[in-house]
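Below is one structure, written out as structure tokens; comments come after it.
Lettering follows sequence order; numbering is per chain, from 1. Treat the numbers as computed from the prediction; the structure is a model and nothing was measured.
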Number of protein chains: 2
Amino acid sequence: MLFAERGYEAASLRAITAAAGANLASINYHFGSKEALLRAVMARRLVPLNLRRLEMLGRFEAEYDPAPVPVENILRALLEPISSAARSQEGSWQRFRLLVGRMYSEPTPRILAVFWGELSEIAGRFQAAIRRACPHLPENEFYWRVHFTVGAMAHTLSAGTLLEMLSRGKCDPSDLAEGVERLIAFAAAGFRAPATEAPGGAGGRPAESGRTGPQGADS
Amino acid sequence: MLFAERGYEAASLRAITAAAGANLASINYHFGSKEALLRAVMARRLVPLNLRRLEMLGRFEAEYDPAPVPVENILRALLEPISSAARSQEGSWQRFRLLVGRMYSEPTPRILAVFWGELSEIAGRFQAAIRRACPHLPENEFYWRVHFTVGAMAHTLSAGTLLEMLSRGKCDPSDLAEGVERLIAFAAAGFRAPATEAPGGAGGRPAESGRTGPQGADS
DNA sequence: GTCTATAGAACGATAGAC
DNA sequence: GTCTATCGTTCTATAGAC
């Protein structure tokens with residue numbers, strides 16, 4: 001899938017049809033447009049993935065009911081189906097996850113909306129579950145931490161090259177199972193951290209120490 | 001800057017020159033190519049930013065010497081110069097940070113290399129500092145956590161629309177100062193979390209509970 | 001040095017033959 | 001229904017007038 005390898009913008013319909021052995025007109029005939037093709041690709045993969053996520057979360061909630069599910073297990077329900085899919089369908093998911101990871105920072109609003117359409121239900125469902133596990137956080141800070149976790153997840157899906165460069169080969173970004181296990185531990189600790197003071201209010205510094213005051217002038 | 005608003009691929013030289021009131025040929029005359037223009041844009045912003053980061057880290061290291069700098073302060077040296085710049089140069093940095101955040105998951109290797117060229121020195125320097133603050137982590141897991149932090153940072157820089165949708169307006173993604181403060185607390189807790197067991201080894205589950213075994217078949 | 005004009009190729013989409 | 005051929009547009013890059 002060239003959307004994944006090159007990004008949506010850089011993947012031309014010509015290159016896509018050539019790689020698939022099809023002809024240029026077939027995409028517009030079967031899907032209607034380049035954007036509709038993307039929508040179809042996303043739905044084909046994400047719908048079954050999201051079903052497995054919801055099912056897994058549901059099982060956890062039944063198990064712990066009426067107590068909140070620990071945040072580790074909520075994250076596991078969110079992330080494990082991805083690494084399972086990547087394990088069982090090596091080539092195809094190893095490419096698709098690049099695309100998914102990149103969609104989170106998609107600049108074009110129309111394209112981002114395609115992605116959000118497949119994501120919003122899952123987002124609401126998992127967000128509510130994590131909220132129950134983290135009653136110690138003000139609503140505002142809770143959302144930020146969800147945001148950070150999503151960012152770490154997206155980055156893990158699509159920025160493997162950077163991990164290889166950063167770790168000088170010590171980490172294998174294609175091993176999603178390892179990444180997911182690490183991420184669960186990392187993000188769960190992040191969610192459990194005590195709330196910071198309101199940043200509008202005086203000096204909510206979590207660590208002591210040095211003043212900073214740089215003011216920019218590089219433009 | 002249209003690179004930021006539309007992404008590198010979607011921003012055409014025509015649109016860029018039109019928005020700047022310049023003519024189409026001027027970019028190739030002054031910079032040589034579209035890629036060289038990106039390189040120039042990145043360098044102009046990131047070089048002074050990275051100087052401020054290194055200076056801030058250096059001050060922390062002098063302050064704590066010979067003890068390791070707490071991870072909160074290392075993160076602060078990495079992140080605070082960004083939010084300072086965004087605060088003092090509202091429009092221009094609010095756009096540029098979109099571009100930077102997106103560069104982390106840039107699909108085109110040549111373009112990613114442009115970014116990494118401006119980043120590698122900072123990466124090595126800050127990674128070494130955090131390593132000293134986190135001696136409890138195996139090397140492998142340490143790199144993964146750096147990776148997650150970078151992902152959360154990139155996401156915070158460029159995925160503001162998602163935060164707005166996720167929080168239904170409760171968070172303001174343009175308030176980088178708040179995001180940075182939250183992120184420091186979140187990531188520092190993530191770094192401090194105890195190491196997980198090797199995921200190759202048996203069942204390093206941080207929480208008890210239910211088996212999972214989904215195996216994919218959605219292709 | 002800075003512009004207009006345009007080359008040469010690739011783009012998404014479609015009309016119309018079969 | 002699936003193809004070829006091509007439309008009209010846009011792309012990056014450059015040649016050459018001023």
Side-chain angles (χ1 to χ4, degrees), chain A residues 1-46 95-96 98-100 102-118 158 219, chain B residues 1-46 92 95-96 98-100 102-103 105-118 158 219:
Chain A
M1 165 62 56
L2 292 189
F3 280 160
E5 292 170 11
R6 309 186 185 181
Y8 176 77
E9 286 287 345
S12 69
L13 295 183
R14 294 179 137 78
I16 292 170
T17 50
N23 78 83
L24 180 55
S26 57
I27 286 182
N28 277 290
Y29 178 75
H30 287 292
F31 298 98
S33 71
K34 187 184 184 182
E35 183 184 318
L37 170 63
L38 176 67
R39 199 186 313 274
V41 167
M42 299 291 297
R44 185 168 65 106
R45 303 272 186 177
L46 290 186
R95 284 193 301 275
F96 182 65
L98 297 177
L99 175 60
V100 171
R102 244 177 256 127
M103 290 293 281
Y104 287 94
S105 55
E106 177 59 45
T108 312
R110 290 181 59 84
I111 305 301
L112 184 60
V114 168
F115 186 50
W116 182 245
E118 297 292 342
S158 63
S219 174
Chain B
M1 163 65 55
L2 292 189
F3 280 159
E5 292 169 13
R6 309 187 185 181
Y8 176 77
E9 285 289 343
S12 69
L13 295 183
R14 293 176 134 80
I16 292 171
T17 50
N23 77 86
L24 180 56
S26 57
I27 286 182
N28 277 292
Y29 178 75
H30 286 295
F31 299 99
S33 72
K34 186 183 185 183
E35 183 184 318
L37 170 64
L38 176 67
R39 200 185 312 273
V41 168
M42 299 292 296
R44 186 169 65 106
R45 303 271 187 179
L46 290 185
S92 100
R95 285 192 302 276
F96 182 67
L98 299 176
L99 175 60
V100 171
R102 241 176 258 126
M103 290 292 282
S105 54
E106 175 59 47
T108 313
R110 289 183 59 85
I111 305 303
L112 183 60
V114 168
F115 186 51
W116 181 246
E118 296 291 343
S158 63
S219 172

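A sub-4.0 Å separation between OP1 or OP2 of C/dT2 and a side-chain N or O of B/H30 is present.
Inspection of the B/S92 and B/R45 side chains reveals an N or O donor paired with an N or O acceptor under 3.5 Å.
Within the 4.5 Å cutoff, no side-chain heavy atoms of B/P107 are placed close to those of A/L98. The side-chain heavy atoms of A/F115 and A/L38, taken from C-beta on, include no pair separated by under 4.5 Å.
Interatomic distance, A/Y104 OH to A/S158 OG, rounded to the nearest 0.5 Å: 9.5 Å. Once rounded to the nearest 0.5 Å, the distance linking OG1 of B/T108 with OH of B/Y8 reads 8.0 Å.
Residue A/S26 is out of contact with every strand shown, counting any heavy-atom pair closer than 4.0 Å.
In summary, B/R39 and B/E35 engage in a salt bridge, as defined by a charged side-chain N under 4.0 Å from a carboxylate O.
Distance, B/N28 CG to C/dC3 C1': 14 Å, rounded to whole Å. Atom OH of A/Y29 and atom P of D/dT2 are 6 Å apart (whole Å). Distance CG (A/L2) to P (C/dC11): 11 Å, rounded to an integer number of Å. A straight line from CZ of A/F31 to P of D/dT2 spans 12 Å, rounded to a whole angstrom.
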Just the table, please: protein N/O against nucleotides 5-11 of chain D N/O, every pair under 3.5 Å.
| residue | atom | partner | partner atom | Å |
| --- | --- | --- | --- | --- |
| D/dC11 | OP1 | B/S12 | OG | 2.7 |

